[in-house]
Amino acid sequence: MASFGDFLPPLLLLATVFSRPALCYINPPTSRPQQNVAESSAYRNYIVLVEPLPSDAGEDAHRRWHESFLPSLRADESIQPRLLHSYTEVFNGFTARLTKPELDSVAKKPGFIRAFPDRILQLMTTHTPAFLGLRNGTGLWSDAGFGKGVIIGLLDTGIHATHPSFDDHGIPPPPSRWKGSCKAARCNNKLIGAKSFAGDDSGDKDGHGTHTSSTAAGNFIPGAYHGIGTGTAAGIAPGAHIAMYKVCADDCEESAILAGLDEAIKDGVDVLSLSFGPYKGTSFDQDLVAIGALSAVSKGIVVVCAGGNDGPILGSITNDAPWLLTVAAGSVDRSFDAEVRLGNGKSIHGEALTQEANPSSKSYPLLFSEARRHCEYDHDNSIVGKILVCEAIVSYSPKSEVQGLIGAGAAGVVFFNDKTSGYTTLLQDYNSSVVQVTAADGAILTSYAASPGRRFVASLAYNNTLLGIHPAPVVSSFSSRGPSSNVPGILKPDILAPGLNILAAWPPNTDSESGPFNIISGTSMATPHISGVAALIKSVHPSWSPAAIKSAILTTSDMVNSTGGPILDQQHRKASAYDTGAGHVNAARAADPGLVYDLGTADYAGYICCLLGDNGLATIVRNSSLTCAMLPKVKDVQLNYPTITVPMTSMPFTVNRTVTNVGPATSSYMAKVDAPKTLVVRVFPETLTFSKAGEKKTFSVTVSSHGVGKEELVEGSLRWVSEKHVVRSPIVASAGAAGHSCTLAAFPVSVP
Ligand SMILES: *[C@@H]1O[C@H](CO)[C@@H](O)[C@H](O)[C@H]1NC(C)=O
Ligand SMILES: *[C@@H]1O[C@H](CO)[C@@H](O)[C@H](O)[C@H]1NC(C)=O
Ligand SMILES: *[C@@H]1O[C@H](CO)[C@@H](O)[C@H](O)[C@H]1NC(C)=O
Ligand SMILES: *[C@@H]1O[C@H](CO)[C@@H](O)[C@H](O)[C@H]1NC(C)=O
Ligand SMILES: *[C@@H]1O[C@H](CO)[C@@H](O)[C@H](O)[C@H]1NC(C)=O
Ligand SMILES: *[C@@H]1O[C@H](CO)[C@@H](O)[C@H](O)[C@H]1NC(C)=O
């Protein structure tokens, strides 16, 4: 093998590439000590950003350029490859195995921009098309041909290619622009790409990737899950193509995610679905997935991301960059009904994934012990012949322990949610007599079991799958909440979608389940619903930008449920914009928004200049013909976003927005404001009149607000109403949003 250090790019190339100085380097040795200090001789994977080559340089030239940064092999070194990934699309750079001293010398080479240590990211772990208003033969499904001709790329744990959800009946071949392929997987017109960047094959040992893929674009299959959740299963865009980029095996390494992202951009996907998140509060110049995603968005790819499962704590939202579509999770109107019939004649309805066909109607004594609140009955004969009432541990109590209790003679277990989870019941298939109930019903059960002089017995009964359950949707307790610490002036999450107890495809023989379907929860599950909706819109409007597609989804979403009541949170209180974003996705309306709020790369670049200055621009946007001096600096609150956030202040604060007419050529819209008394909103002008398609109109919104007490936010909304359309934007006056001016922040130094 040739020594890596020998290659030198031609001098002419050097002149173009090195026209600017190298911008930054990894922290000098004198800076703060690291946790888990690695020995200086230890190897670690580093992701290195370098100056780009001219765009027509071939793949070999890129690889040689990347190799030129690497040290020569030492004589005593094994021949393990140094260069693990070479990136050209997400940014120009590579991942290499290096020691700290070697990294220091890489950082001194001309063309080096910045290096980041590789990190591990977290995965965020049907009836839903109908719940979102999609029906056979009507509306968007028929207009969009179920998402025909659109390619959804998923970065995930792989895919079980032979699952019937990925049959290609009725699906035409992929468009000719598609450059992807399948390696070591059976592909067809549904699954048109499968590549692995984590392990040898693209198969799915976990199940997560099979589940998300089938949610986004699984084909129609009649049949169901364990005989429950009956009906035809289908993804949101059952006519779309799927490409799987396996980037997680046991872990999701950032370097592998970037490799998958790089490949997906090259292959030509239209929509990217990312169900994992960065470390919370990672700033954009440290968040390589956000940086890579901006490249994808600049190329017209819609990037949909999970908002995270760290709710209900305020400020827990991740994947919050303005160019991403950030998804929160809620419930659907379905219940796998199970009943606890009490000896006093009352009955409590919970849910059970194991629905016993012929349960005995026999009553058993209930057992609740405060001291054994979480079912800590180890080798305890008192449980024999009793139904145990226990609090679920973070809504997931291990299956093996439960089966142990039943094996030891318990007649059943009723798990109630902890207070924080409230009405969010994360179902698990215990394959035994287990019923899961809400925290409120848990309180009823525990007081019944404790009340003296009663014959506190109960029996369990099952009532299969019920639809039309209300209230729905309800925001799930785990769904991460705004406000975003990175962009306090933009409302995040963007949108709420089904993510609780979602039924979708599953591979056979994983540790947790045997397939072919499984029910799991997370913002991971909400994300592919939005990816599917984005694909449906893209199919009808192939030329729309990612920002226009996001705008269409947000401004057509629902603030209320199907009977007009407010959407509720996990405690059944009215949900706030920090829980739901713009609202709950309404797929049926999303392709016909009337007006859109558009944004392009130059706008995001202007925002980055405001936030981080030229150094941030060089890391995040990396376009050598752009400098902050030539870009208008845009504050977060002033980005042309489809939601409106302003600082909470009694001084009138004005933001401008520009809408593009994508509805009827001639149309007129009137401004309608809904706001509490504490939020005073003026819109100017109050009427927008359009005479052609694609016409743009600018308006201003001036808001003053009076926070009452310690409120984090006051919210209202602006609706532009025409004969055929309602274009709604929430208006959020936020205690955290600053009207501050742009800073030329000191460039933060990355810490390995
Ligand atoms: C909907 O249409 C698809 C494709 O035409 C078909 O395969 C599927 O069975 C239909 N589903 C229902 C519930 O009618
Ligand atoms: C569920 O339990 C039944 C016996 O009650 C057993 O036959 C079956 O294999 C179990 N299934 C799983 C997936 O553990
Ligand atoms: C069981 O479900 C049916 C509808 O499928 C409903 O009419 C009935 O009331 C339910 N029974 C109980 C006990 O909830
Ligand atoms: C709508 O929400 C209200 C409360 O906000 C609730 O009482 C009602 O049951 C909900 N309806 C549906 C269909 O979810
Ligand atoms: C860099 O920015 C310029 C000016 O906006 C633009 O014309 C060009 O396409 C951009 N280059 C890339 C590679 O995005
Ligand atoms: C908003 O638009 C008005 C009128 O075009 C302009 O005077 C004002 O400077 C704009 N404000 C901002 C913050 O861009």
Side-chain angles (χ1 to χ4, degrees), residues 224-230 334-393 395-418 423 425-467 469 501 513-514 519:
Y225 167 77
H226 296 336
I228 62 174
T230 47
R334 176 180 57 194
S335 156
F336 302 101
D337 192 69
E339 204 184 335
V340 185
R341 292 186 181 145
L342 304 182
N344 63 3
K346 287 206 178 117
S347 147
I348 284 171
H349 280 267
E351 296 188 75
L353 283 189
T354 312
Q355 296 260 331
E356 287 174 15
N358 300 304
S360 79
S361 54
K362 205 173 154 206
S363 285
Y364 300 94
L366 282 176
L367 176 61
F368 172 71
S369 152
E370 188 57 59
R372 292 169 179 190
R373 194 175 177 86
H374 297 109
C375 257
E376 303 97 337
Y377 296 101
D378 207 12
H379 306 292
D380 186 337
N381 281 333
S382 69
I383 67 173
V384 175
K386 308 242 170 75
I387 293 176
L388 313 179
V389 177
C390 308
E391 184 176 280
I393 298 172
S395 305
Y396 269 121
S397 292
K399 190 167 166 174
S400 56
E401 275 180 32
V402 172
Q403 286 174 341
L405 294 170
I406 302 285
V413 179
V414 179
F415 276 123
F416 59 91
N417 297 338
D418 60 32
Y423 289 87
T425 306
L426 283 153
L427 294 177
Q428 189 174 349
D429 191 353
Y430 291 101
N431 195 30
S432 1
S433 306
V434 174
V435 175
Q436 299 178 246
V437 305
T438 64
D441 285 337
I444 295 174
L445 273 179
T446 53
S447 73
Y448 171 71
S451 54
R454 292 274 183 84
R455 214 183 132 249
F456 32 87
V457 296
S459 64
L460 305 181
Y462 303 88
N463 203 14
N464 222 312
T465 307
L466 302 181
L467 296 179
I469 294 296
N501 301 328
E513 267 307 318
S514 56
I519 289 178

Decide yes or no for [X] and [Y]: does some side-chain heavy atom of the first lie under 4.5 Å from some side-chain heavy atom of the second?
X      : Y      : result
Ser433 : Tyr462 : yes
Leu367 : Tyr377 : yes
Glu391 : Phe368 : no

Any donor-acceptor pair under 3.5 Å linking the side chain of [X] with the backbone of [Y]?
X      : Y      : answer
Glu339 : His349 : no
Gln355 : Phe336 : yes
Gln436 : Phe416 : no

**Report entry** side chain to side chain contact (heavy atoms under 4.5 Å, CB included) partner of Leu427, chosen from Leu353, Val434, Thr354
**Finding:** Leu353
Report task. Verify side-chain contact (heavy atoms from CB on, under 4.5 Å) between Val437 and Asn417, making sure each step is shown before the conclusion. Result -> CA-CA 6 Å; Val437 305; Asn417 297 338; over 6 Å; no
For [X] against [Y], the heavy-atom pair lying closest together:
X      : Y      : result
Gly350 : Val435 : CA-CG1, 4.2 Å
Val413 : Cys375 : CG1-SG, 4.2 Å
Ala458 : Leu342 : CB-CD2, 4.0 Å
Thr446 : Val389 : CG2-CG1, 4.1 Å
Gly385 : Ala411 : C-CB, 4.1 Å
Glu376 : Ala371 : OE1-O, 3.9 Å

Query - Steps toward side-chain contact (heavy atoms from CB on, under 4.5 Å) verdict (Val414, Leu388) - result: CA-CA 6 Å; Val414 179; Leu388 313 179; over 6 Å; no
Query - Step-by-step side-chain contact (heavy atoms from CB on, under 4.5 Å) determination, Thr465 to Asp337 - result: CA-CA 6 Å; Thr465 307; Asp337 192 69; over 6 Å; no
Report task. Could you tell me if the ring centre of Tyr430 sits under 6.0 Å from that of Phe415? Result ->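 Ring-ring flag for Tyr430/Phe415: true, centres closer than 6.0 Å.
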How long is the span from the [atom1] atom in [X] to the [atom2] atom in [Y], to the nearest 0.5 Å?
X      : Y      : atom1 : atom2 : answer
Leu405 : Cys390 : CG    : SG    : 7.0 Å
Arg372 : Asp378 : CZ    : CG    : 9.0 Å
Leu466 : Glu351 : CG    : CD    : 9.0 Å
Ser335 : Ile469 : OG    : CD1   : 4.5 Å
Leu366 : Ile387 : CG    : CD1   : 6.0 Å
Thr425 : Asn501 : OG1   : CG    : 7.5 Å

Report task. Test Asn344 against Tyr448 for side-chain contact (heavy atoms from CB on, under 4.5 Å), laying out the working first. Result -> CA-CA 9 Å; Asn344 63 3; Tyr448 171 71; 3.6 Å; yes
